Structure formats: C-alpha cells, structure tokens
Amino acid sequence: MKSNILLLTMLWIANISLSKAQEADTLKVSDEKAVYDFVILNSRYQNAFTFLARDFGLNIPMVSTDVMYYFNSGLYLNASGIKFFQSGLPWQYALTAGYAKDISNKTDFNLSYSQFLVVDESSVTGIQNLAFLQGTFGWEWGPLYSSIQGQLLFNREVDYFISLHNSRYFEFDQKLFKLFTVSFEPKFSLMAGSSRFYVMGQYEFSPKELEDLGKLQLQSWEFFLPLTFNVGYFDFEFQGRYVKPLNVPDFDLSAGRFVVGGQLSYTIPVKRTKKL
C-alpha cells in the first residue's frame, strides 16, 4: 500500500512537471513569430555610364553586380562591383549600409552611406574614390508617389544635392502567358546641387570659378521608365532613361541622351524567428 501511494505521488508530480513544461513550451511558441530576411542578387547592364547625369562627352557601356542582405528590421548591407567597357577605366567597388522603414502606411524613409573605391588610376573624372551619404523621405499621397532626397558627396571637396522624384506604379491584372507578372513605374526626377565634383577631373579653376562651383543650381532632370517581368523570385527589368544635364560648364561635353539597359534580380528569402 505504501509503495502504491509513493508510485501515485511520483506520477502526480511527474504529471504536474510535464504539464508545466508543455505550458512553458506553448508560451515560448506564442512569444515568437516567423519573419524573413532577404538576400538579393542583382546584375545590371546599361549602354552608357553617367555620373550625376553627366557622361563627359563619352559613350562608355557598363555592367554591375550587387549582393544585398536585407534584414527584417529594415537594415541592409550591399556590396557592388562595376565594370566599365573602355580601356583606362578600372573596376569600381562599393559598400553600402542603410536603413529603410515605413513611418506610416503612406510614408517611408531611407538613410544610407556608400563608400566607392577605385583601386587603379582612372582616365575619366567622376569615378574616383568617393562616398555618398543620402536620406530620402517618401510620401504616397494619391496620384503619385513623391520623394525628396538629400545627398552629400565626399571627395576632395564636399558637394550637396537635393532631388525630387515623382512616380506611379502600374501592374497588369492578368499574368502574361499565365506566367509573368508585368509592371512598370514611370518616374520623373529633378536635381539641384553644387558642382565641386569637377575638381576631381583634369581641370584648372580660378578662385572665382571654384567659388561658383560651390553654388546651388539646377543640375539635371530625367525621365525613367522600367518595364518589369516577375516570375517567382526572379525579376527581369528593361530600363529606358532620358537624362538631361543642366548648367553644364563649357569644358564639359555632356549633353542630353537616352540610356537603355537591363537588370536581372533573384531574391532568396531567409526565414528566422523573432520574439514578440
């Protein structure tokens, strides 16, 4: 009888312990949720290189490859390699760290810093070692999605820019060939800023000319039209862009031009758990 009571007591204690363990597991599961980070692989080609809407009178095709890790929190890291198809132009590399977040269901912001690096000598101005700090505020206000962007360009001198972008996203209701989702987003941009970046080139300036380069003036406008085909985790995008530089100095041969290209992206979701 004593042994039976002892056995029942042990079973009762074990049952309580098991129940508490199961309850703890249930609470643990409920305190977590599945979230996704993303690895984005991207390759892009365009038939002409432009720097702040300027091609310096040259026609230089280029290709670039990017690897981005985008955290669910909004933090992202990106590494890029850029190849120019002209002799005298070396590979250019870039590292970017940024943070993007929705402020509300209609507003968002993006803050990033990019460090560019050219390891060899370059024969073209505007692509030497430099850095960009930029912040963007976007607003979905109805007819358009508008964003205002401030930029600082660091090199031998510091330039500042402010840009206004207006776009509208469209997506076809039916899939093409029951396979591809087709979308496009026309965008018009206007940029103003200083022009000290010309100091990076093989130009000589008087003190008065250097002072003028630091003044705020319209730099460019452009119209961009991408056409995107999506299937699964793949996106293929045709890109057409007309770029018009403004207030171009006499020594710069840049002029308005069409730039066309294509881009292929692959997105890899990375599932992980996050505590609530």
Side-chain angles (χ1 to χ4, degrees), residues 38-70 75-98 100 110-134 136 149 151-155 159 161 163 165 167 183-185 187 189 191 197 200-201 219-220 222-230 233-243 245 254 257-268:
F38 296 95
V39 177
I40 303 173
L41 309 176
N42 178 75
S43 292
R44 176 169 58 97
Y45 168 84
Q46 63 185 52
N47 70 331
F49 160 74
T50 60
F51 177 78
L52 298 172
R54 285 147 172 77
D55 62 9
F56 308 101
L58 301 171
N59 187 34
I60 306 173
M62 57 162 284
V63 64
S64 65
T65 298
D66 300 85
V67 179
M68 174 187 284
Y69 194 98
Y70 185 89
L75 177 69
Y76 59 90
L77 302 171
N78 189 84
S80 305
I82 305 168
K83 173 62 178 175
F84 301 96
F85 293 100
Q86 179 164 307
S87 59
L89 295 181
W91 277 86
Q92 184 177 18
Y93 305 96
L95 293 174
T96 299
N110 190 336
L111 180 66
S112 67
Y113 176 82
S114 298
Q115 179 66 56
F116 291 81
L117 177 65
V118 177
V119 295
D120 297 317
E121 291 295 323
S122 173
S123 61
V124 174
T125 182
I127 64 169
Q128 280 73 21
N129 304 341
L130 48 87
F132 272 105
L133 175 65
Q134 61 185 28
T136 306
Q149 182 181 72
Q151 291 180 308
L152 290 176
L153 169 63
F154 302 96
N155 197 257
D159 275 308
F161 306 95
S163 304
H165 309 278
S167 64
S183 62
F184 63 98
E185 186 175 7
K187 180 195 296 185
S189 301
M191 182 177 70
F197 56 85
M200 291 185 287
Q219 292 284 352
S220 67
E222 71 173 61
F223 180 75
F224 178 58
L225 181 61
L227 180 64
T228 305
F229 298 85
N230 168 263
Y233 296 130
F234 284 96
D235 284 300
F236 182 75
E237 184 174 284
F238 292 103
Q239 301 173 340
R241 186 161 55 109
Y242 182 78
V243 183
S254 297
R257 67 174 303 155
F258 284 99
V259 178
V260 296
Q263 178 173 283
L264 178 64
S265 302
Y266 182 66
T267 302
I268 305 171

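If you read the sequence from its start, that first residue is 1, and numbering goes on from there. None of these values were measured; they are calculated from a predicted model.
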Enquirer: Check whether any side-chain heavy atom of I82 sits under 4.5 Å from a side-chain heavy atom of W91, and report yes or no.
Expert: no
Enquirer: CD/Q134 to OG1/T96 distance, rounded to the nearest 0.5 angstrom?
Expert: 8.0 Å
Enquirer: Once rounded to the nearest 0.5 Å, what's the spacing between atom CG of N78 and atom OG of S112?
Expert: 10.0 Å
Enquirer: Who are the side-chain hydrogen bond (donor to acceptor under 3.5 Å, both in side chains) partners of T267, not counting sequence neighbours?
Expert: none
Enquirer: With under 30° as parallel and over 60° as perpendicular, where do the rings of F51 and F197 fit, or are they tilted in between?
Expert: perpendicular
Enquirer: Any heavy-atom pair between the side chains of E222 and R241 that's under 4.5 Å?
Expert: yes
Enquirer: Enter the distance from Y113:OH to L152:CG here, rounded to the nearest 0.5 Å.
Expert: 10.5 Å
Enquirer: With heavy-atom distances below 4.5 Å as the criterion, would you say the side chains of P61 and Y45 are in contact?
Expert: yes
Enquirer: If every non-hydrogen atom of R257 is compared with every non-hydrogen atom of N59, which pair is closest and at what distance?
Expert: NH2-OD1, 2.8 Å
Enquirer: For the pair D66 (side chain) and S80 (backbone), establish whether a donor and an acceptor sit closer than 3.5 Å, ignoring hydrogens and angles.
Expert: no
Enquirer: Could you report the tightest heavy-atom contact between V118 and Q92, atom names first, then the distance?
Expert: CG2-CG, 3.8 Å
Enquirer: Looking at OG of S220 and CZ of F161, how far apart are the two atoms once the value is rounded to the nearest 0.5 Å?
Expert: 9.0 Å
Enquirer: Write down the atom of Y70, the atom of A100, and the distance for their closest heavy-atom approach.
Expert: OH-O, 3.9 Å
Enquirer: Might you point out which heavy atoms bring V259 and T50 nearest each other, and give the distance in Å?
Expert: CG2-CG2, 4.3 Å
Enquirer: For this output row, return yes or no: ring centroids of Y266 and F234 closer than 6.0 angstrom.
Expert: yes
Enquirer: Provide the closest heavy-atom pair for F184 versus P226 in the form atom of the first, atom of the second, distance.
Expert: CB-O, 3.1 Å
Enquirer: Under 6.0 Å between ring centres, would you say that holds for F258 and Y242?
Expert: yes
Enquirer: Just by distance, no angles: are the side chains of S265 and N42 close enough, under 3.5 Å, to form a donor-acceptor pair?
Expert: yes
Enquirer: Please check if any side-chain donor atom of S167 sits under 3.5 Å from a side-chain acceptor atom of E185, or the reverse.
Expert: yes
Enquirer: By side-chain hydrogen bond (donor to acceptor under 3.5 Å, both in side chains), which residues pair with S163, not counting sequence neighbours?
Expert: none
Enquirer: Give, for atom CZ of F154 and atom CG of L133, the distance between the pair rounded to the nearest 0.5 Å.
Expert: 5.5 Å
Enquirer: Indicate yes or no for a side-chain donor-acceptor contact from Q239 to the backbone of L227 under 3.5 Å, with no hydrogens or angles considered.
Expert: no
Enquirer: My understanding is that only residues two or more places apart in sequence, or in another chain, count here; which of them pass side-chain hydrogen bond (donor to acceptor under 3.5 Å, both in side chains) with Q46?
Expert: R44
Enquirer: Classify the ring geometry of F132 against F116: parallel below 30°, tilted from 30° to 60°, perpendicular beyond 60°.
Expert: perpendicular
Enquirer: Nearest 0.5 Å, please: how far is OH in Y69 from CG in L75?
Expert: 10.5 Å
Enquirer: Are L52 and L153 side-chain neighbours, meaning at least one heavy-atom pair lies under 4.5 Å?
Expert: yes
Enquirer: Return the orientation label for the F236 and F238 ring planes: parallel under 30°, perpendicular over 60°, tilted otherwise.
Expert: perpendicular
Enquirer: Closest heavy-atom contact between F56 and S254?
Expert: N-OG, 2.7 Å
